[in-house]
> 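Mind looking over this structure? Questions follow.
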Amino acid sequence: MADSSSSGLTRRALLGAFAATTITAAPTFSKAAGFLRGGGDIRRIRMYSGRTGERIDMIYWIDGDYIKDAVKEVNHFMRDWRTDQVKTMDLRTVDIMAAAHNLMDVNEPYMLLSGYRSPQTNAMLRRRSRGVAKNSLHMKGQAADLRLSSRSVGQMARAAASCRAGGVGRYSRSNFVHMDCGVVRTWGG
């Protein structure tokens, strides 16, 4: 991952967020003792979809390398469920999601409301709601809308914003948080 100030996501900010979660995250892994003995850094993502009934709980990154098969499964899981189209997700977004999850010290998986959106799906959602951006980062595979029943929208948004790695939108009325790897910014209430 290269440093990129234009996208708002820097390697230093993301590594800092993961470093801050290491102590919290280590006990949740089955091989925590090996991890603490220098067994390596790992990143894990846990989600389910109320739309498809699918679940995902996997380590997708170990010791500085993304696991190709795991990333493929993440891409499929985060597909546009309305059209069944799969897009390669920007892994910076997945990293933000995983880091925020670790910071919240929660075992509950995220409920994925929206990952990748095809242009057709985005246009349909725009017709229904003023809150859907015309050039949404969802269409680039760079955003996710997430919910946790055990954490408030405020708690989720604060965790994601503390990563200082992308956009964080609070949608309190709809009970979800938007996370993306775009320019660092926050909005909503």
Side-chain angles (χ1 to χ4, degrees), residues 1-2 9-79 81 86-116 137-138 141-153 155-168 176-181:
M1 176 179 359
L9 179 66
T10 65
R11 180 177 174 84
R12 182 172 301 205
L14 202 51
L15 290 175
F18 274 103
T21 65
T22 300
I23 300 301
T24 306
T28 66
F29 300 109
S30 61
K31 300 195 184 272
F35 179 78
L36 295 172
R37 285 193 306 267
D41 188 14
I42 57 178
R43 296 180 190 167
R44 178 181 182 184
I45 192 72
R46 288 171 279 182
M47 295 183 283
Y48 74 95
S49 169
R51 306 285 189 188
T52 66
E54 297 170 330
R55 293 184 171 274
I56 192 168
D57 182 349
M58 65 178 31
I59 294 169
Y60 67 94
W61 189 90
I62 298 176
D63 287 334
D65 291 316
Y66 290 101
I67 302 166
K68 186 177 181 178
D69 289 339
V71 168
K72 188 175 179 179
E73 284 189 51
V74 170
N75 290 335
H76 182 263
F77 182 85
M78 295 183 75
R79 73 191 179 280
W81 61 270
V86 176
K87 173 108 174 152
T88 300
M89 295 300 294
D90 191 317
L91 293 173
R92 296 174 300 171
T93 297
V94 178
D95 288 341
I96 293 164
M97 294 163 51
H101 198 263
N102 287 340
L103 286 169
M104 289 182 281
D105 190 26
V106 63
N107 286 322
E108 173 191 358
Y110 284 123
M111 174 189 271
L112 178 69
L113 303 174
S114 183
Y116 168 66
L137 292 178
H138 286 277
Q142 295 180 328
D145 295 338
L146 306 161
R147 177 182 294 154
L148 287 171
S149 62
S150 64
R151 297 294 184 266
S152 70
V153 167
Q155 289 170 314
M156 288 179 64
R158 281 189 297 278
S162 72
C163 296
R164 292 181 214 89
V168 179
F176 74 88
V177 172
H178 168 98
M179 297 180 197
D180 70 51
C181 64

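One-based numbering along the sequence shown.
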> Please step through side-chain contact (heavy atoms from CB on, under 4.5 Å) for the pair Gln142 and Arg92, ending with a clear verdict.
CA-CA 8 Å; Gln142 295 180 328; Arg92 296 174 300 171; 3.6 Å; yes
> Just how far is it from atom CG of Leu91 to atom CH2 of Trp61, taken to the nearest 0.5 Å?
11.5 Å
> List in chain and number order the residues that pass side chain to side chain donor-acceptor pair (under 3.5 Å) with Thr52, two or more places apart in sequence or in another chain; answer none if no residue qualifies.
Ser49, Glu54
> Suppose we screen for ring-ring contact (aromatic ring centres under 6.0 Å, His included). Which residues come up paired with Tyr116, at least two apart in sequence or across chains?
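Partners of Tyr116 by the ring-ring contact (aromatic ring centres under 6.0 Å, His included) criterion come out as none, since no residue qualifies.
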> With a 4.5 Å limit on heavy-atom distance, are the side chains of Asp145 and Val177 in contact?
no
> With sequence neighbours left out, what residues match Arg147 under salt bridge (Lys or Arg N to Asp or Glu O under 4.0 Å)?
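In terms of salt bridge (Lys or Arg N to Asp or Glu O under 4.0 Å), with neighbours along the sequence ignored, Arg147 is linked to no residue.
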> Could you check Met58, Met97, Met111 and say which one makes a side-chain contact (heavy atoms from CB on, under 4.5 Å) with Met47?
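Answer after filtering Met58, Met97, Met111: Met97.
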> Just how far is it from atom CG of Asp90 to atom CD1 of Ile96, taken to the nearest 0.5 Å?
8.0 Å
> Quick one: closest heavy-atom pair of Ala159 and Ala100, and the distance?
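The answer is CB-O, 3.7 Å.
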> Hey, are the side chains of Phe176 and Met156 touching, using non-hydrogen atoms and a 4.5 Å cut-off?
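In short, these two side chains do not touch, never coming nearer than 4.5 Å.
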> Can you name the side chain to side chain contact (heavy atoms under 4.5 Å, CB included) partners of Ser149, sequence neighbours left out?
Glu108
> Partners of Asp57 by side chain to side chain donor-acceptor pair (under 3.5 Å), sequence neighbours excluded?
Arg44
> Would you be so kind as to tabulate the donor-acceptor pairs closer than 3.5 Å made by side chains of residues 68-76, with sequence neighbours excluded?
| residue | atom | partner | partner atom | Å |
| --- | --- | --- | --- | --- |
| Asn75 | OD1 | Met89 | N | 2.8 |
| Asn75 | ND2 | Val71 | O | 3.4 |
| His76 | ND1 | Arg79 | NH1 | 3.4 |

> What closest approach, in Å, do Ala144 and Thr93 show between heavy atoms, and which atom pair accounts for it?
N-CG2, 4.3 Å
> For Gln155, enumerate each residue passing the side chain to side chain contact (heavy atoms under 4.5 Å, CB included) test, keeping only those at least two apart in sequence or located in another chain.
Arg151, Ser152, Arg158
> Check side chain to side chain contact (heavy atoms under 4.5 Å, CB included) between Ala143 and all other residues, then give those that pass, not counting sequence neighbours.
Leu137, His138, His178, Asp180
> Is Tyr110 close to Ile56 at the side-chain level, that is, under 4.5 Å between some pair of heavy atoms?
no
> Hey, what do you get for CZ (Arg43) to CG (Asp95), rounding to the nearest 0.5 Å?
4.5 Å
> Any idea which heavy atoms bring Ser162 and Leu103 closest together, and the distance?
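Closest pair (atom of Ser162, atom of Leu103, distance): OG-CD1, 3.2 Å.
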> Return yes if some donor-acceptor pair links the side-chain N/O of Asp63 with the main-chain N/O of Asp41 below 3.5 Å, else return no.
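Such a contact is found between Asp63 side chain and Asp41 backbone.
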> So, for Val106 and Ser150, which heavy atoms are closest and what is the spacing to 0.1 Å?
CG2-OG, 3.3 Å
> So do the side chains of Asn107 and Arg46 get within less than 4.5 Å of each other, counting heavy atoms only?
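They are in contact (side-chain heavy atoms under 4.5 Å apart), so the answer is yes.
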